[in-house]
Amino acid sequence: MLGCTVPTIGGLPEGFSWARKWGCECIQIYVTLSRRWDVSELSAEEVLQFKSAWRKSPVKKVVAHVPYLVNLASPDKNLWKKSKDRLRTELSRARQFGVNFLVLHPGSYGNSNREDGMKRIIEALSDISGEIDDQKTRILLETMAGQGTTIGSTFEEIARILEGVGNPGFFGICFDTAHVFAAGYDIRGYENYETVLKEFDAVLGLKRIKTIHVNDSRTNFGSHSDRHACIGEGNLGLEIFHAILKDSRFLNIPKILEIPERDKRSEDNLQLLRKLHVIPGRLPQSNKLQKQLIRKKTHVKQNTFSFR
Ligand SMILES: [Zn+2]
């Protein structure tokens with residue numbers, strides 16, 4: 001299941017028009033204005049319009065992203081409380097819209113320390129998950145690059161948060177390829193991909209992955225710097241994306257592109273990923289051939305792989 005972050009200028013239902021235009025089977029959106037703390041009331045009419053646009057679209061799953069303002073690890077008591085309240089609002093909206101997953105960056109501990117930051121994340125998530133007893137919308141913790149004082153760049157750290165919050169049915173994980181690579185897990189190439197997934201499986205369990213952010217990385221391996229790139233234009237190579245798209249374990253998992261220049265580049269990046277999806281076996285190792293593939297000079301039919 002493949003899609004991308006879609007623009008919602010003109011209202012959330014607009015996201016589904018972009019999905020149709022770009023051929024997305026899943027989309028990612030913000031369900032509130034992402035740069036503002038104040039959130040307007042949600043009307044029953046808005047919910048109906050959203051659901052009706054979704055029904056008429058090719059989209060099977062909707063992923064919402066929690067705004068970056070939210071920081072559940074913040075040592076600032078006021079900001080921590082505001083963040084928790086906002087997450088509650090995000091979750092409430094996501095549930096009303098019938099959104100499947102709500103992706104959350106665990107948080108940054110700022111001028112405090114990692115341990116205290118972890119405790120604050122666990123406390124906030126435990127409180128919020130304790131208020132809801134169904135699994136209509138799951139909160140997904142995203143794997144992070146580890147920039148600055150960010151928490152969640154190792155699989156162990158995410159495992160500790162999940163153990164701390166309990167309520168396992170309510171939480172899952174969003175695996176971001178660019179972040180994992182920048183965090184120091186080398187996922188370049190088919191063998192490395194398997195090795196990293198094995199490690200993930202041992203620490204967290206692959207079943208916990210509910211969404212994958214398919215992004216290339218502009219920054220280097222282990223840089224802890226979070227800068228996404230278009231597919232094939234960063235340091236990851238095409239093999240990892242080919243492997244993910246072909247991986248039967250992730251067949252029904254939303255795979256979402258989050259690239260720079262989203263409005264201009266989503267369409268061609270999705271086309272490239274769809275091309276990769278139908279290539280059997282392994283990609284040719286030749287850089288030249290891979291570059292041709294990226295430059296759209298290839299024509300790929302089901303079960304054939306011919307360069308023109
Ligand atoms: Zn991401």
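Counting convention: from 1, in listed order, for ligands and their atoms alike.
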**Prompt:** Below 6.0 angstrom between ring centroids: does that apply to Tyr185 and Phe200?
**Reply:**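 Tyr185 vs Phe200: aromatic centres not under 6.0 Å.
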**Request:** Would you check if the distance from the ring center of His179 to the ring center of His213 is below 6.0 Å?
**Result:**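 Ring-ring flag for His179/His213: false, centres at least 6.0 Å apart.
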**side chain to side chain donor-acceptor pair (under 3.5 Å) pairs, two or more places apart, involving residues 229-245** =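 The answer is Tyr190-His242, Asn220-Asn235, Glu233-Arg265, Glu239-Gln290.
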Relative to the Zn ion (ligand 1), which of the N, O or S atoms in [X] is the closest?
| X | result |
| --- | --- |
| Glu258 | OE1 |
| Glu142 | OE2 |
| Asp176 | OD2 |

**Request:** Examine His213 and say whether one of its N/O/S atoms is closer to the Zn ion (ligand 1) than 2.8 Å.
**Result:**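 Yes, His213 qualifies, because one of its backbone or side-chain N, O or S atoms lies under 2.8 Å.
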**Asked** Once the angle between the rings of His65 and Tyr68 is folded into 0 to 90°, is it parallel (under 30°), tilted (30 to 60°) or perpendicular (over 60°)?
**Response**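 If you compare the ring of His65 with that of Tyr68, the planes turn out perpendicular.
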